[in-house]
Amino acid sequence: MKNKKKINTIFIIFLILIVCSFCLLLKLYFSTNSYIKILKMNWDIVLPKEENQLFHYSEPSPHGDGIRYHVIDYPGDESKHSQNIVFQLEKNFIGASQPTKDQIDYVNQLLAKIDVDDKYIPDWNRCLLVYKRQTDNSELFLFYYSDTATLYILESFI
């Protein structure tokens with residue numbers, strides 16, 4: 001009887017260790033799930049690792065809808081590393097064009113709903129735009145200002 005109690009105790013401790021290890025691994029995985037990874041999952045957009053996130057806004061919602069706005073600045077020096085990052089970034093904008101007046105007006109309407117300092121809103125006419133829309137009417141506006149290698153990402157989830 002005493003032996004059986006020891007075996008049960010060891011089994012319970014072993015089971016607790018397995019569950020705790022699994023929870024720790026899940027927490028580690030989700031804590032490294034950067035915004036760039038989330039963009040890949042949601043929009044199938046491959047971007048270089050975030051270098052310097054200047055601004056981010058995500059509307060709290062239990063359903064995941066609302067507006068998200070991020071401004072990411074990539075390095076502007078002449079190093080090989082920086083040149084590779086800019087090359088990776090610019091691959092997404094091959095064939096992209098400047099936004100239309102209607103798109104700019106719509107983006108400004110969305111941004112008016114959130115608190116964004118004017119210094120994080122570029123001259124949209126000087127940016128290239130990649131626009132995507134999903135079947136649920138969620139939208140992605142990916143603006144790239146090549147002079148500063150800055151990316152402006154606006155998502156609207158319905």
Side-chain angles (χ1 to χ4, degrees), residues 19-158:
V19 170
C20 287
S21 297
F22 181 73
C23 290
L24 184 62
L25 287 173
L26 278 177
K27 183 175 179 169
L28 181 63
Y29 172 77
F30 286 112
S31 69
T32 60
N33 212 1
S34 73
Y35 181 61
I36 298 301
K37 288 180 185 176
I38 293 169
L39 277 175
K40 169 71 174 130
M41 289 184 329
N42 288 343
W43 299 99
D44 199 28
I45 296 272
V46 178
L47 295 172
K49 181 179 161 257
E50 295 171 47
E51 291 294 318
N52 185 20
Q53 190 168 116
L54 301 176
F55 181 84
H56 64 90
Y57 176 87
S58 184
E59 213 173 78
S61 168
H63 304 290
D65 56 349
I67 297 172
R68 294 184 192 149
Y69 184 61
H70 295 258
V71 180
I72 302 172
D73 191 31
Y74 287 92
D77 59 39
E78 296 299 317
S79 71
K80 187 79 166 163
H81 173 71
S82 293
Q83 290 175 356
N84 284 338
I85 286 175
V86 169
F87 176 73
Q88 275 184 303
L89 187 58
E90 289 181 348
K91 284 195 304 187
N92 289 291
F93 292 90
I94 294 173
S97 60
Q98 291 183 316
T100 66
K101 182 185 178 328
D102 289 342
Q103 288 171 323
I104 292 171
D105 291 344
Y106 180 63
V107 164
N108 285 331
Q109 286 175 11
L110 291 174
L111 289 177
K113 295 177 182 180
I114 63 175
D115 188 24
V116 180
D117 192 316
D118 286 346
K119 69 182 179 181
Y120 299 116
I121 299 175
D123 177 358
W124 302 117
N125 290 311
R126 298 181 70 186
C127 295
L128 291 175
L129 170 65
V130 169
Y131 171 79
K132 289 192 171 200
R133 183 182 204 124
Q134 295 179 342
T135 56
D136 66 354
N137 291 325
S138 297
E139 296 174 292
L140 170 72
F141 293 87
L142 196 64
F143 292 92
Y144 178 59
Y145 184 52
S146 62
D147 290 355
T148 59
T150 305
L151 193 61
Y152 301 85
I153 305 164
L154 177 65
E155 296 176 276
S156 174
F157 293 97
I158 308 289

Partners meeting salt bridge (Lys or Arg N to Asp or Glu O under 4.0 Å) with Lys101 (sequence neighbours left out): Asp105
For Thr100, side-chain hydrogen bond (donor to acceptor under 3.5 Å, both in side chains) partners two or more places apart: Gln103
Minimum-distance pair of heavy atoms, taken over all atoms of Val130 and Asn92: CG2-O, 3.3 Å
With Phe93 via ring-ring contact (aromatic ring centres under 6.0 Å, His included) - residues at least two apart: Tyr144
Gap separating the CG atom of Leu54 from the CG atom of Asp117, nearest 0.5 angstrom: 11.5 Å
Any residue meeting side-chain contact (heavy atoms from CB on, under 4.5 Å) with Asp123, in chain and number order, not counting sequence neighbours: Asn125, Arg126
Set of residues satisfying side-chain contact (heavy atoms from CB on, under 4.5 Å) with respect to Asp115, sequence neighbours excluded: none
Heavy-atom pair of closest approach, residues Pro48 and Tyr74: O-OH, 3.1 Å
Ile153 side, atom CD1; His56 side, atom NE2 - distance, nearest 0.5 Å: 12.5 Å
Leu151 side, atom CG; Ile36 side, atom CD1 - distance, nearest 0.5 Å: 7.0 Å
Minimal non-hydrogen separation, Pro99 against Cys127, with atom names: CD-O, 3.4 Å
Partners meeting side-chain hydrogen bond (donor to acceptor under 3.5 Å, both in side chains) with Asn108 (sequence neighbours left out): Trp124
Note, Val116 side chain near Val71 side chain (heavy atom, < 4.5 Å): no
Pairwise distance NE2(His70) to OH(Tyr120) - rounded to 0.5 angstrom: 13.5 Å
Set of side-chain contact (heavy atoms from CB on, under 4.5 Å) partners for Lys40, sequence neighbours left out: Asp44, Val46
Distance in Å, Lys49 NZ paired with Ile72 CD1, rounded so as to fall on 0.5 Å steps: 11.5 Å
Beyond-backbone contact of Phe157 with Asn42, side-chain heavy atoms, under 4.5 angstrom: yes
Residues in side-chain hydrogen bond (donor to acceptor under 3.5 Å, both in side chains) contact with Tyr106, at least two apart in sequence or another chain: Glu139
Set of residues satisfying side-chain contact (heavy atoms from CB on, under 4.5 Å) with respect to Thr135, sequence neighbours excluded: none
Heavy-atom side-chain contact between Glu90 and Ser146 under 4.5 Å: yes
Summary of side chain to side chain donor-acceptor pair (under 3.5 Å) pairs that have at least one residue in residues 149-158, sequence neighbours excluded: Tyr35-Glu155, Trp43-Glu155, Asp73-Thr150, Thr148-Thr150
From Leu154 atom CG to Ile114 atom CD1, the distance as rounded to the nearest 0.5 Å: 7.0 Å
Asn84 side chain reached by Lys80 side chain, heavy atoms, under 4.5 Å: yes
